[in-house]
Every structure is written in structure tokens, then in C-alpha cells.
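The structure appears right after this line, and notes come after that.
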Amino acid sequence: MCLENTALVAGRHLSFSLLPIGAGDTRQYAEVKRDFQARPEEMSMRYALERFIAEIKDAILATGKVPADLIEITTPKPNIPADRTFVTFKAAKALGIDPNRLAADLAATLTLPPDSLIGEVSASGPFLNFSLHPQRLAATVLEEIMASGTAYGTLTDGAGRTVVIDYSSPNIAKRMHVGHIRSTIIGQSLVHIFRALGYRVIGDNHLGDWGTQFGIILAAMQRYGRPQSEGEAAMAELEALYTRYNAEMKDDPALEEEARRWSLALEQGDPTARALWQWCVDLTLRAAQRNYDRLGIRFDYAYGESFYEPMLPGVIEEALRSEAAFRDVDGAVVAELDKLPRFIIQRSDGGTVYMTRDIATIKFRIQEFNPSHIIYVVDARQELHFRQLFAIVRAMGYAHNVELVHVPFGVITTPDGQPLSTKKGNMVYLEALLDEAVARARALVDAKSPDLSPEERAAIAEAVGIGAVIYNDLYQDPRRNITLDWDRMLSIEGNSAAYLQYSHARCRSILRRAAEEGVGSETPDLTLLTHPSEQRLIRHLARLPEAVREAAARYAPFVIADWCYATAREFGIFFEQCPVLRAEPPALRAARIQLVAATATALQNGLALLGIKAPERM
RNA sequence: GGGGCUGUAGCUCAAUGGAUAGAGCACCGACCUUCUAAGUCGAUGGUUGCGCGUUCGAGUCGCGCCAGCCCCGCCA
């Protein structure tokens, strides 16, 4: 592997797409969603909206006019004055009646249980609209949030099941650059989201710590000496050593031979080679850890490619025995599956490849963790690789009950659409990226909040700068390419991390003041929260659990980002329209304080799912 | 040549086959002696790349085009 190659691609080693790929096909959200819907016996009915929907279904069912399997409840567009809708077209057709009439009949005959979360029911043409009961909703949702605290939004759908998430995957002896942050950030958010859904989550950093390039790296370190520095500087030195050796090797066959000897020595477990390699791995991981700590990245394991080395002969033998692959005339072991391009799992010289190690990795993960899903957060350019990988493991008889998912993401480009690369000299490395983001955030904080202590300003700048980097990666569908545009990334208005954090800080500010002034200790009357902006905010807060479910079903953290943003906007409107500390009567004031507290909690939870910190003050 | 992804307002993006396609940025205008103006409100802005089809209903599903990016290595 050469530097030029790897520079262009990101994560998963050759620095190389969000649809689950099962047996070579892609599936749509609606199909995938079924996998994530709570099984009836596990439905806790904990959250207000789940109960609301269940009540709607029960009420329709109780009329005896529509069988259960024809009752499908949808969420109407915001311009429709309803919270959920039964669209009657399909049911009416199946029953042979007019949709408008069915809706009208149901509206006329429905009866609601006492204390129902359903407020109003009305037919609008073929749409049967259900609205939440404002007062009961307010009381229910706020009590849920206050009772759950940091657990608000968590579910039990995944209880007893395990997912393995493969993300970040930096290369040993190389700096982490912008290409690695996407996998790292998206992967970590998916870890949070699946944990929130109740899954046991195994986060595994599949290090690029093996392969022929280590022959060159080891030979170069031996010849020119090891790097003396630490962190990214040390990585830069290693890259320089590699480049220098690689260049000199072209004119000197002896150097090439030496590199080959080191490569062989490493594979055969030579103690000197192993020690030098391990030193290199440790150095890289120490450097990476500084970035991981700042980004809040935590893995459960970091089995690198090298870990799977002993399993490879067995894997190749199994592939042959199961006839998933065959030995070609020149001795290589190849596979041709599902009309995919032919690929190799053992070279004619007996060596193994990336694919071989990935097959072993799946086998190991299934044996070790018994997961329901294995999720790969890897660059879209490796889509074919994963289709081939998933095809061969199925052909080998593995993973029958395991959803193998590749979450693909697009590349990062400069604002004018140029790819970042070392060759072009416009590469941005992760440490520098984080430093720059924090420095820019610091200038903002200094300008906006000069009254805060320097220590607090530094802490806020770190949260805002890092938050901006994370949000830049999570606010949209991962499949899209993103641009490295400092102005947009560090934007503090509109759909930005800073706006979300600011909204949370405003909530906290009100709560601090309430405590300082000793107001709001009266018994709140949550049923007084009937102002349109209060109701909109409350309805939105109620949706966090379903946002978590959808984010997992789509492997899409941006669903959470969207929820956070909408929450911040609703809060902003409420903040303008409804005084809190000066509200009268006191029971309303106390209720609004609770609403603010619930908003802060829910927003903080949402941001946590993205891996973004929520400062108390900004 | 084969395959994949993307195409929605000037720009960046949303929209579970459903009702009038929504936000932010930019631009123009309004609101701070009242809880953080990193905010809020208003105005402007659309033939959802093109065509045909399926459907009671298509930005969404199918087929065919067009454009951009990507993949098709005994590299990772």
C-alpha cells in the first residue's frame, strides 16, 4: 500500500456505503423498520405517544368496523391540525366501502376511554384525525421526562440482543485525518443510539495494523531510526520514513529485499519484528487516543486485523469446503457469487488479503458475541467489498440470523469540491482540525461571553468547537458528501451545534435564576400549559423515543440531529412568547419551569446521543 | 463496458406512498429599560434533472434517458 492511495480514501485502512445489505440486495426503510419495532410482549407502553397510538388502534378496533391488520396509523404533516391519522383508503378498499364514509362512520361511533390521551377525533374526508388531549399530554410527558432524567428517550426494544459496531479503524503508523472522522463520529453516535434502544453494544475499532506495508515501515524504522516525538508529530515522522524508504527502494533492490524480509519476519512472529511493530501500534494508539478523548469516543475492543491472522488458514479451508470459493489454476482461492465481480481470498503465493481477515472477523464476532447485527461504518467506496464479504459469509453458511449492515458515507471535500489529499497538499489532520475548531470557538465565546472566567470560557470553547466538528458530520444523511467549510461548520446560528447548545444553556439559565430567586417552588399545575407554543414544544419533546427508534432503524444519527434542532426551534418560540419567571399565577410559573427543565433534560439527552456536550452556560 | 450513489428554493439540507413539498444560510424589513439577540417574527424564493408507467394518490415505487461522483487490484 502506498501513501498516495491511502490518502484519498478514508477509514478502514485503504483509507476505501446506509443500506443494510443482505444477500446482495438492498432494502428500504419500511422493511428494515420491522426489525426494530418492539415486539408486543416487550412493549412497555412507557411513553405517552406509544400509549396514544395504542389507544387509537384500540378505539378503532372497538367499533368492530375495521380489522386490526388494516389499522395503520401515520403521522400527518405539520400543517395538519392533528397528531396522528388513520388514512382509510386501504382499509376502505379492502372492505368495499367509500373512504370518506368509513372515516365519517368511525368518527361518529368511536368512544374513548376515560382519561384518554386522545383529545379530539374528527374526519376530514378520508382522513380520520386524532389530536392529543392537551392537558393530559402536558402532565404525562413532563412527568415522564422528570422521572426518567438522563434515561428519557431510552427503550427496551433491543433487550437481550447484541449489536457489533465496527467503526473508526485508523491505520497504524499514519495520522488520523478528516477521512477518519466520519466513521469515528457516525459510529460512536450509532453506539449511543443502539445502547439507548436497549441493545448490548460492542464497539470495535478494527485497526489497520497488518499487511505488507509493515515490511517497509519496520525496515525504515530500522534504517533511519524511530520517531522521537509523540502524538501527530510522531505519526508525521513515520509517514515521512515510509515515503523516504519507498522512494529509495525503487532504485535499490537491496532495500526492497530488506522490506520483504521484515514483512516475512513479522508474519512468522520474529520477536524483534513483533516488538518493533508493537511499539509502532502503541505509538499510534496513544496519538489516536488524544483525539478520541476529545471527541468522546470509547471502544469496547480494538482487535486489529493482526488479531485474526491465526484464523485465516481455517477460514480459507472452510470457504473451499463449503464451495463458497474455489482454487484457481494458478493456486489462488477465488469466489464468484451473486453475479458480483470475482474476488480473491488467498493469493497465488499463499498470502491472505483484507477480505480474508474480514471473513475471519465475522466468524469471530458471531462466535464471541452472538450479535443480531454487525454494523460497518465505512466509506461508501467499499460498498462492493462489503457486498462481496456478506455474500461469501452467507455462502459459507455463517450469519443466517445476523443482519450484516454496511453504513456507507460520502467523502469530505473542500468547499470548491476538491478532495482532500496529502498529494495535493490540502490534507487536514484530525488533531489540527479539532484545534482549529476549538480556537475559532474560543474567539466566539470570548466575544459573546466576556464575563465568564477564562477557565469556563476554555471549557465552553472545547465543547462548542468539538460539537461543531461532530455536528458537521451528523446533521445530514451520511451518504452525502460533506464539505470542510469552516464558516459553516462553526456557524452559530440556524441548524448548528452551537445553536442547540445555546438553547440548552438558555434553559439552564432560567432554571438557575429560578433557584437563585427562590421562585417556582409552588406546586405546578401542568394542565395550565395550553399556550400553542407550550403545546408544540411538549408534543415535540414527546417524540424523542420514536426518533431514537427511527435513527436506529435507518442507521441514521441525523434523525436525532433533526429532533434536537426542531426542539431548539420550538423552545426558541416558547422563550419569546411565554415568560417563565414572571408568569402568573404561581402554579403556571412552576409548570413553565418544569417545562424548561424537561426541555433541558431532553435536549441534553438528544445531544448526548450525538456525542455533543451541553454546557450549562454560554 | 458492468455496477453503485447522488440530483428538491441562489447555497446547504429535510420530507414513514397521503392532505398546501418544509428548514437554515444568503438577501430585504421588523423586534433588546422585561428570563442569554448564539434569539424571534415577517417578506422573497419551487415545472422535486427529463420522460413514460404503476396507484384513488408519486419528491418517494418501476422502467428508460441526462448530469455529477464513486467502484469493478493476487491493495487496504
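Taking atom C1' on both B/G17 and B/U54, the two are 12 Å apart, rounded to the nearest angstrom. Remark: the separation of the P atoms in B/G62 and B/G7 is 14 Å, to the nearest Å. With both ends at atom C1', the span from B/C31 to B/C61 equals 47 Å, rounded to whole Å. Nucleotides B/C65 and B/C28 are separated by 46 Å at their P atoms, to the nearest Å. Comparing the P positions of B/G53 and B/A14 gives a spacing of 30 Å, expressed to the nearest Å. Rounded to whole Å, the P atom of B/G57 lies 15 Å from the corresponding atom of B/U20.
Using a 4.0 Å heavy-atom distance criterion, A/Cys507 is classed as making no nucleic acid contact. Heavy atoms of A/Lys339 sit nowhere under 4.0 angstrom from any nucleic acid atom. As judged by a 4.0 angstrom heavy-atom cut-off over every strand, A/Ser491 is placed among residues making no nucleic acid contact. Looking at heavy-atom distances under 4.0 Å, A/Thr75 makes contact with a base. Here A/Pro76 lies in heavy-atom contact (under 4.0 Å) with a base. At a threshold of 4.0 angstrom between heavy atoms, the contacts of A/Pro341 are confined to the sugar-phosphate backbone, with no base atom among them. At the heavy-atom level, A/Val580 lies under 4.0 Å from base atoms of the strands shown. At the heavy-atom level, A/Asn472 lies nowhere under 4.0 Å from the strands shown. Contact annotation for A/Asn481: backbone-only contact, meaning every heavy-atom pair under 4.0 Å involves sugar-phosphate atoms and none involves a base. Contacts of A/Thr85 with the nucleic acid, taken as non-hydrogen atoms under 4.0 Å apart, include base atoms. Counting any heavy atom pair closer than 4.0 Å across all strands shown, A/Arg617 reaches a base atom. At the heavy-atom level, A/Ile80 lies under 4.0 Å from base atoms of the strands shown.
Judged by distance alone, the side chains of A/Arg508 and A/His504 do bring a donor and an acceptor atom under 3.5 Å apart. Side-chain atoms of A/Ser124 and A/Asn129 form no donor-acceptor pair, as typed in the model, at a separation below 3.5 Å. Between the side chains of A/Gln501 and A/Tyr471, no donor-acceptor pair is found at a separation under 3.5 Å.
The side chain of A/Lys77 contributes no N or O atom lying less than 4.0 Å from OP1 or OP2 of B/A21. Checking the phosphate oxygens (OP1, OP2) of B/A14, a side-chain nitrogen or oxygen of A/Arg480 falls inside 4.0 Å. Look at A/Arg347 and you'll find a side-chain N or O under 4.0 angstrom from OP1 or OP2 of B/C75.
In this structure B/C25 sits in a base pair with B/G10, meeting the Watson-Crick or G-U test at under 3.5 Å. Pair check for B/G1 finds B/C72; Watson-Crick or G-U wobble, both atom distances under 3.5 Å. Remark: B/A19 base-pairs with no nucleotide in the shown strands. Criterion, Watson-Crick or G-U wobble with two distances under 3.5 Å. Of the nucleotides present, B/A30 is the one that pairs with B/U40 by Watson-Crick or G-U wobble criteria, both distances under 3.5 Å. Figure legend. B/C50 is base-paired to B/G64; pairs are counted as Watson-Crick or G-U wobble with both atom distances under 3.5 Å. Shown here, B/A58 forms no base pair; nothing in the strands shown gives a Watson-Crick or G-U wobble contact with both key distances under 3.5 Å.
Distance from the side chain of A/Glu576 is smallest to B/G39 among B/C71, B/G39, B/A19. Residue A/Ser509 places its side chain closer to B/U36 than to any other of B/U20, B/U36, B/C72.
The residues A/Asp477 and A/Arg479 are annotated as not salt-bridged, no charged nitrogen and carboxylate oxygen being separated by less than 4.0 angstrom.
Atom NE2 of A/His531 is separated from atom CG of A/Leu529 by 11.0 Å, given to the nearest 0.5 angstrom. A distance of 8.0 Å separates OH in A/Tyr167 from OG1 in A/Thr184, rounded to the nearest 0.5 Å. One finds the CG atom of A/Leu490 at 9.0 Å from the CG atom of A/Asn472 (value rounded to the nearest 0.5 Å).
Between A/Val445 and A/Phe343, the residue whose closest nucleotide on RNA chain B is further toward the 5' end is A/Val445. Taking the nucleotide of RNA chain B with the nearest heavy atom to each of A/Gln476 and A/Tyr502, the more 5' of the two is matched to A/Gln476.
Stacking annotation: A/Phe89 is stacked on the base of B/G18 (ring centroids less than 5.5 angstrom apart, interplanar angle below 30 degrees). In this structure, A/Tyr499 forms no aromatic stack with the base of B/A38, since the conditions of centre separation below 5.5 Å and plane angle below 30° are not both met.
Its glycosidic angle being more than 90° from 0, B/C63 falls on the anti side.
Taking the six-membered ring for Trp and the full ring otherwise, A/Phe390 and A/His406 have centroids separated by 6.0 Å or more.
Judged by distance alone, with hydrogens and angles left aside, A/Asn129 brings a side-chain donor or acceptor within reach of the base of B/A19, the pair sitting under 3.5 Å.
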